[in-house]
J.: 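Dropping the structure in here first, questions after.
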Amino acid sequence: MAFSIAIWGKTPTSEVGVEKKELKEATIINSDLLAIDFCGEAIPLSELRIAERYQNTIRNYDNPTFRKLMTKTKKRIKIIEPILKKYGVPADFKYLPLIESAMSDEATSHRGAGGYWQFMPSTAKSLGLVVNETRDDRKHLVKSTHAAGKYLRELHRQLGSWTLVAAAYNAGPTHIQNRMDSQNKDDYFKLRLNSETTRYIYKLLAVKEWFSNPERSREWGSGDVVDRLADFKVEQKKAAALLAKQLVRASTDS
């Protein structure tokens, strides 16, 4: 069931006391638009800065190239999901190869990462994959996905949050743990990270949403959701200021 975010303000029904004032509701935005999660972890889209980042990212994937990629990779995604499930990794990670390699076994980075999941050779070998001059298991979808399942499971054991696991997949677990320790925070959305890692979860969310909820993705891309959310924040501040005045007046009258 979808509910609505509402602005509550007090409207006088008489000239007597705050306690006789009613709450007035003005519906701003259906909360189904904000009910977006990653691996069951709620995304705080009611925060304007986060909503704006998400909107910008969702727009970036609204193009013919990505739509073609979606169609092309559906069969591979169906192969990935049950393997991840075997390792206790949530299904949302099945979209990770799309942002890492565009689901291509031939993708390589300038640093040497390769294959569907973009493993470095040393990481791949530590996970049981063969990487040598004649064979590269990073290019084998099933074998590399088993390795990814092991790796993601281990990251979650270390960090305890799937959003932090996504960040660690991009920046490395040591880097993320150091940022958590130095900033005394364990929330991805409150950590100060480099720009690439900051954007990483939004990319995963955008890919997931275009696959699973294209209608909601189009509405976010329109810009209307963020505009209404901004209006809500303005009205929220007005309501808070009005309530403060009423409380001061009530204390003075008493």
Side-chain angles (χ1 to χ4, degrees), residues 36-45 47 49-58 60-61 66 80 84 87-105 107-129 131 136-139 144-210:
I36 296 172
D37 70 273
F38 180 70
C39 302
E41 297 176 19
I43 307 303
L45 289 167
E47 295 182 30
R49 66 180 179 87
I50 292 174
E52 288 173 341
R53 284 175 182 167
Y54 177 68
Q55 172 190 268
N56 292 336
T57 309
I58 208 84
N60 287 341
Y61 285 87
F66 182 68
I80 289 172
L84 294 181
Y87 295 94
V89 176
D92 287 356
F93 276 99
K94 65 188 177 185
Y95 301 111
L96 194 146
L98 277 90
I99 65 171
E100 284 288 332
S101 66
M103 199 66 85
S104 170
D105 62 337
T108 57
S109 76
H110 67 279
R111 295 175 55 206
Y116 292 103
W117 294 86
Q118 289 293 284
F119 285 127
M120 294 293 289
S122 58
T123 303
K125 291 175 183 178
S126 72
L127 294 166
L129 297 179
V131 180
D136 190 343
D137 287 345
R138 295 177 298 173
K139 297 182 178 183
S144 65
T145 300
H146 276 285
K150 295 175 188 176
Y151 185 58
L152 292 166
R153 180 178 62 185
E154 181 57 32
L155 289 179
H156 190 260
R157 285 174 179 166
Q158 294 177 36
L159 301 170
S161 159
W162 291 113
T163 47
L164 290 173
V165 168
Y169 199 94
N170 175 255
T174 301
H175 179 80
I176 296 302
Q177 189 63 62
N178 288 342
R179 298 288 77 72
M180 291 167 64
D181 293 343
S182 64
Q183 298 172 35
N184 196 28
K185 291 182 175 67
D186 59 3
D187 185 333
Y188 175 94
F189 295 98
K190 293 180 180 179
L191 283 172
R192 297 187 304 277
L193 302 167
N194 64 73
S195 59
E196 180 184 339
T197 307
T198 296
R199 293 192 301 267
Y200 199 74
I201 191 69
Y202 296 94
K203 291 180 179 180
L204 269 174
L205 285 170
V207 172
K208 171 194 171 182
E209 281 291 297
W210 277 115

J.: Please walk me through it: do Ile80 and Leu96 pass side-chain contact (heavy atoms from CB on, under 4.5 Å)?
T.: CA-CA 10 Å; Ile80 289 172; Leu96 194 146; over 6 Å; no
J.: Shortest non-hydrogen contact from Lys94 to Pro97?
T.: O-CD, 3.3 Å
J.: Taking all non-hydrogen atoms of both residues into account, name the closest pair between Met120 and Arg111 and its distance.
T.: CE-O, 3.1 Å
J.: Please find the pair of heavy atoms, one from Ile201 and one from Ala166, that lie closest to each other, and give the distance.
T.: CD1-CB, 4.0 Å
J.: Looking at every non-hydrogen atom in both residues, tell me the closest pair between Ala113 and Arg138 and how far apart they are.
T.: C-NH1, 3.8 Å
J.: Are any of the side-chain heavy atoms of Thr57 and Arg199 separated by less than 4.5 Å?
T.: no
J.: Locate the shortest heavy-atom distance separating Ala206 from Tyr54; write the atom from each residue and the value.
T.: N-CE1, 4.3 Å
J.: Between CE of Met180 and NZ of Lys190, what distance do you get to the nearest 0.5 Å?
T.: 13.0 Å
J.: Might you point out which heavy atoms bring Cys39 and Pro90 nearest each other, and give the distance in Å?
T.: SG-CB, 3.5 Å
J.: So, taking the atom named CD1 in Ile43 and the one named CD1 in Ile50, what distance separates them when rounded to the nearest 0.5 Å?
T.: 8.0 Å
J.: Looking at Tyr151 versus Tyr169, is the centre-to-centre ring distance below 6.0 Å?
T.: yes
J.: For Glu52 and Asn56, does a side-chain donor sit closer than 3.5 Å to a side-chain acceptor?
T.: no
J.: Short question: side chain of Trp162, backbone of His156 - any donor-acceptor pair under 3.5 Å?
T.: no
J.: Kindly compute the distance separating NE2 (His146) from CG (Leu127), expressed to the nearest 0.5 Å.
T.: 13.0 Å
J.: Does this structure show an ion pair linking Lys185 with Asp187, if we count only N-O contacts that are shorter than 4.0 Å?
T.: no
J.: Is the distance between the ring centroids of Phe93 and Phe38 under 6.0 Å?
T.: yes
J.: Quick one: does Asp37's side chain get under 4.5 Å of Lys208's, heavy atoms only?
T.: yes
J.: Does any non-hydrogen side-chain atom of Asp105 lie less than 4.5 Å from one of Asp136?
T.: no
J.: If we only count heavy atoms from C-beta on, is the Glu41 to Tyr188 side-chain gap below 4.5 Å?
T.: no
J.: Measuring from Leu98:CG to Tyr116:OH, what's the distance to the nearest 0.5 Å?
T.: 11.5 Å
J.: Step by step, work out the side-chain contact (heavy atoms from CB on, under 4.5 Å) result for Ile176 and Leu155.
T.: CA-CA 11 Å; Ile176 296 302; Leu155 289 179; over 6 Å; no
J.: To the closest 0.5 Å, what do you measure between CG (Asp186) and CG (Leu191)?
T.: 8.0 Å
J.: To the nearest 0.5 Å, what is the distance between CZ (Arg179) and OG1 (Thr174)?
T.: 11.0 Å
J.: For Arg192, I'd like to know if atom CZ has over 12 heavy atoms of other residues, nucleotides or ligands within 6.0 Å.
T.: no
J.: Taking Leu193's backbone N and O only, do any of them form a donor-acceptor pair with Thr198's side chain (distance below 3.5 Å, no angle check)?
T.: yes
J.: Got a donor-acceptor contact below 3.5 angstrom from the Glu196 side chain to the Asn170 backbone?
T.: no
J.: Lys150 and Tyr87: side-chain contact (heavy atoms from CB on, under 4.5 Å), yes or no, with the steps?
T.: CA-CA 6 Å; Lys150 295 175 188 176; Tyr87 295 94; 3.6 Å; yes
J.: What I want to find out is whether Arg157 reaches Glu154 closely enough, with some N-O distance under 4.0 Å, to be called a salt bridge.
T.: yes
J.: Working note: Tyr61 + Ile99, criterion side-chain contact (heavy atoms from CB on, under 4.5 Å); need CA distance, chi angles, decisive distance, verdict.
T.: CA-CA 11 Å; Tyr61 285 87; Ile99 65 171; 3.7 Å; yes
